[in-house]
Amino acid sequence: MAGELDATSKHWHSSDRAIKYREMAKRFHLLGQINTLFSNAFNQKLEQLKAAYREYLCQGMSHLPLRWREALEYGYVQFFRLKMRGSGPGDPSTVGRYGVLVYVSYYSDSAFYEFFPRRLLIRKRADLDYTQLLHAVDTVTNQPWMRFDWPAYAFGSEPAEWAQTSAITDLLIDNLGHELGEIADPPPLDAAGRRVPRTFDSPRSHALANVILEQHMLLDSLALQAKAKQPLTLQEAVSGSAPWADYLRNAALEPD
């Protein structure tokens, strides 16, 4: 026993008084670095999850109407997240990790889209106004027009139609702090007067998916990755709790 699963610990003890630390230490190399193996396993599963989501997002965007695809591929793209105000002074806000609001501006057209990766859903929000939304972000205030399905954002549940939702007093919108600039020199129009992007495998689609996954949806995995590199305490090892497995399970794809 050492109080933690760390082969390099200098505080091992045995319930058998005949076994001394010096004798035990000769076999410590057989234990290996359990936390390193665990950390590598978690990272591997996390990368597999990211790859699955990235492929879905690119595939999902490739099935959108051509006008939407053009805007996402060549236009200016901005990302917003929803969060719920803490219940009291000093309480942190809860971020809705399972949904992200994307604003796209392309020439004279602009629109908002809701991305719900866990539900394999991308939908347009024609009711949202960019100026109103920026005012809500800048003033950190809730507005009467802010009708979003919070459970879908917070827990990954099936999103309801926005018209069926009601305003939530403590709901706030925050700028994610990442954007994709408008393409200065888009490709020429084809014979039919269209620009048809290679949405499924284009660098822009991958960049957009990476922002959604790495800077928002799976951002909390960074803390778990750091924790996985540290030796577990004996209390953690016998607690029956596995936050890493719980995280991967909760974040898994859940199509309709």
Side-chain angles (χ1 to χ4, degrees), residues 49-50 53-54 57 60-61 68 71-72 75-106 110-119 121-182 204-226 247 250-251:
L49 184 64
K50 287 182 181 179
Y53 271 119
R54 189 178 296 110
L57 285 170
M61 287 186 288
W68 297 15
L72 288 167
Y76 169 72
V77 181
Q78 199 171 3
F79 303 84
F80 299 90
R81 64 181 184 177
L82 268 60
K83 60 183 182 181
M84 186 68 71
R85 198 194 313 269
S87 57
D91 290 341
S93 300
T94 301
V95 176
R97 292 288 183 205
Y98 294 105
V100 63
L101 192 61
V102 177
Y103 172 76
V104 185
S105 175
Y106 182 56
S110 62
F112 281 98
Y113 302 90
E114 286 182 307
F115 281 67
F116 297 102
R118 191 165 184 258
R119 289 292 173 172
L121 176 64
I122 303 171
R123 66 184 184 186
K124 191 173 184 178
R125 287 292 302 264
D127 60 299
L128 299 179
D129 179 82
Y130 184 65
T131 302
Q132 286 184 332
L133 188 138
L134 285 187
H135 175 73
V137 171
D138 294 340
T139 58
V140 195
T141 57
N142 179 271
Q143 302 291 323
W145 54 263
M146 289 167 52
R147 300 174 66 178
F148 297 94
D149 185 357
W150 174 247
Y153 279 82
F155 311 114
S157 58
E158 178 66 26
E161 291 295 331
W162 70 265
Q164 300 174 1
T165 63
S166 56
I168 302 176
T169 305
D170 293 321
L171 192 64
L172 302 173
I173 301 178
D174 194 18
N175 193 323
L176 200 57
H178 294 270
E179 57 188 46
L180 302 176
E182 183 174 352
R204 167 57 73 97
S205 294
H206 280 263
L208 195 151
N210 285 337
V211 171
I212 292 175
L213 296 175
E214 298 181 5
Q215 303 301 327
H216 179 64
M217 181 178 172
L218 301 177
L219 187 63
D220 292 340
S221 66
L222 295 179
L224 288 172
Q225 284 180 304
Y247 180 83
N250 292 334

K.L.:
Walk me through it: do Leu57 and Leu213 pass the test side chain to side chain contact (heavy atoms under 4.5 Å, CB included)?
P.N.:
CA-CA 10 Å; Leu57 285 170; Leu213 296 175; 4.1 Å; yes
K.L.:
Would a 4.5 Å heavy-atom cut-off, applied to side chains only, mark Val102 and Phe112 as touching?
P.N.:
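The answer is no; the side chains never approach within 4.5 Å.
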K.L.:
Any side-chain heavy atom of Phe115 sitting closer than 4.5 Å to one from Arg123?
P.N.:
no
K.L.:
Taking side chain as C-beta onward, heavy atoms only, is Tyr106 less than 4.5 Å from Val77?
P.N.:
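Contact flag for Tyr106/Val77 side chains = no.
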K.L.:
Treating Arg118 as the side-chain partner and Asn250 as the backbone partner, does any N or O pair qualify as donor plus acceptor under 3.5 Å?
P.N.:
yes
K.L.:
Using side-chain heavy atoms (C-beta onward) and a distance below 4.5 Å, is Phe80 in contact with Val100?
P.N.:
no
K.L.:
Within this structure, what is the NE2-CD1 distance for the pair His135 and Ile173, rounded to the nearest 0.5 Å?
P.N.:
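Nearest 0.5 Å value for the NE2-CD1 distance: 11.5 Å.
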K.L.:
What verdict does the side chain to side chain contact (heavy atoms under 4.5 Å, CB included) test give for Trp150 and Met84, after you've listed the backbone C-alpha separation in whole Å, the side-chain angles of each residue and the deciding distance to 0.1 Å?
P.N.:
CA-CA 8 Å; Trp150 174 247; Met84 186 68 71; 3.5 Å; yes
K.L.:
Do Met61 and Tyr113 make a side-chain contact, defined as non-hydrogen atoms from C-beta onward lying under 4.5 Å apart?
P.N.:
no
K.L.:
Measuring from atom CG of Leu82 to atom OG of Ser93, what distance do you get when rounded to the nearest 0.5 angstrom?
P.N.:
11.5 Å
K.L.:
Output the distance between atom CG (Asp220) and atom CD (Gln225), rounded to the nearest 0.5 Å.
P.N.:
11.5 Å
K.L.:
From Arg54 CZ over to Ile212 CD1, what is the distance, rounded to the nearest 0.5 angstrom?
P.N.:
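Those atoms lie 11.5 Å apart.
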K.L.:
Looking at Leu171, Thr165, Leu172, which hits side chain to side chain contact (heavy atoms under 4.5 Å, CB included) with Ile168?
P.N.:
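Only one of Leu171, Thr165, Leu172 forms a side chain to side chain contact (heavy atoms under 4.5 Å, CB included) with Ile168, namely Leu171.
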K.L.:
First locate atom CG of Leu133, then atom CH2 of Trp145, and finally report the distance between them rounded to the nearest 0.5 Å.
P.N.:
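Answer for the CG-CH2 pair, Leu133 versus Trp145, is 4.5 Å.
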K.L.:
Would you say Asp138 and Asn175 make side-chain contact, with heavy atoms under 4.5 Å?
P.N.:
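Counting from C-beta outward, Asp138 and Asn175 never come under 4.5 Å.
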K.L.:
To the nearest 0.5 Å, what is the distance between CZ (Phe116) and OG (Ser157)?
P.N.:
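One gets 8.5 Å once the value is rounded to the nearest 0.5 Å.
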K.L.:
Check whether Arg125 reaches the backbone of Ala111 with its side chain - one donor and one acceptor, N or O, closer than 3.5 Å.
P.N.:
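No, Arg125 side chain to Ala111 backbone: no donor-acceptor pair under 3.5 Å.
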K.L.:
Ring-plane angle category for Tyr103 and Tyr130, please: parallel below 30°, perpendicular beyond 60°, tilted otherwise.
P.N.:
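Parallel: the ring planes of Tyr103 and Tyr130 meet at under 30°.
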K.L.:
Walk me through it: do Val104 and Trp68 pass the test side chain to side chain contact (heavy atoms under 4.5 Å, CB included)?
P.N.:
CA-CA 9 Å; Val104 185; Trp68 297 15; over 6 Å; no
K.L.:
Taking 4.0 angstrom as the limit, do Arg147 and Glu161 come out as a salt bridge?
P.N.:
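Result for this pair is no, no salt bridge flagged.
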K.L.:
If we ignore hydrogens and angles and just use 3.5 Å, is the side chain of Arg81 paired with the main-chain N or O of Leu101 as donor and acceptor?
P.N.:
no
K.L.:
Is Lys83 close to Thr94 at the side-chain level, that is, under 4.5 Å between some pair of heavy atoms?
P.N.:
no
K.L.:
Starting from the C-alpha separation in whole Å, work towards a yes-or-no answer on side chain to side chain contact (heavy atoms under 4.5 Å, CB included) for Tyr153 and Phe148.
P.N.:
CA-CA 8 Å; Tyr153 279 82; Phe148 297 94; 3.9 Å; yes
K.L.:
Taking the side chain as everything from C-beta on, heavy atoms only, tell me whether Pro151 gets closer than 4.5 Å to Asp149.
P.N.:
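They are in side-chain contact.
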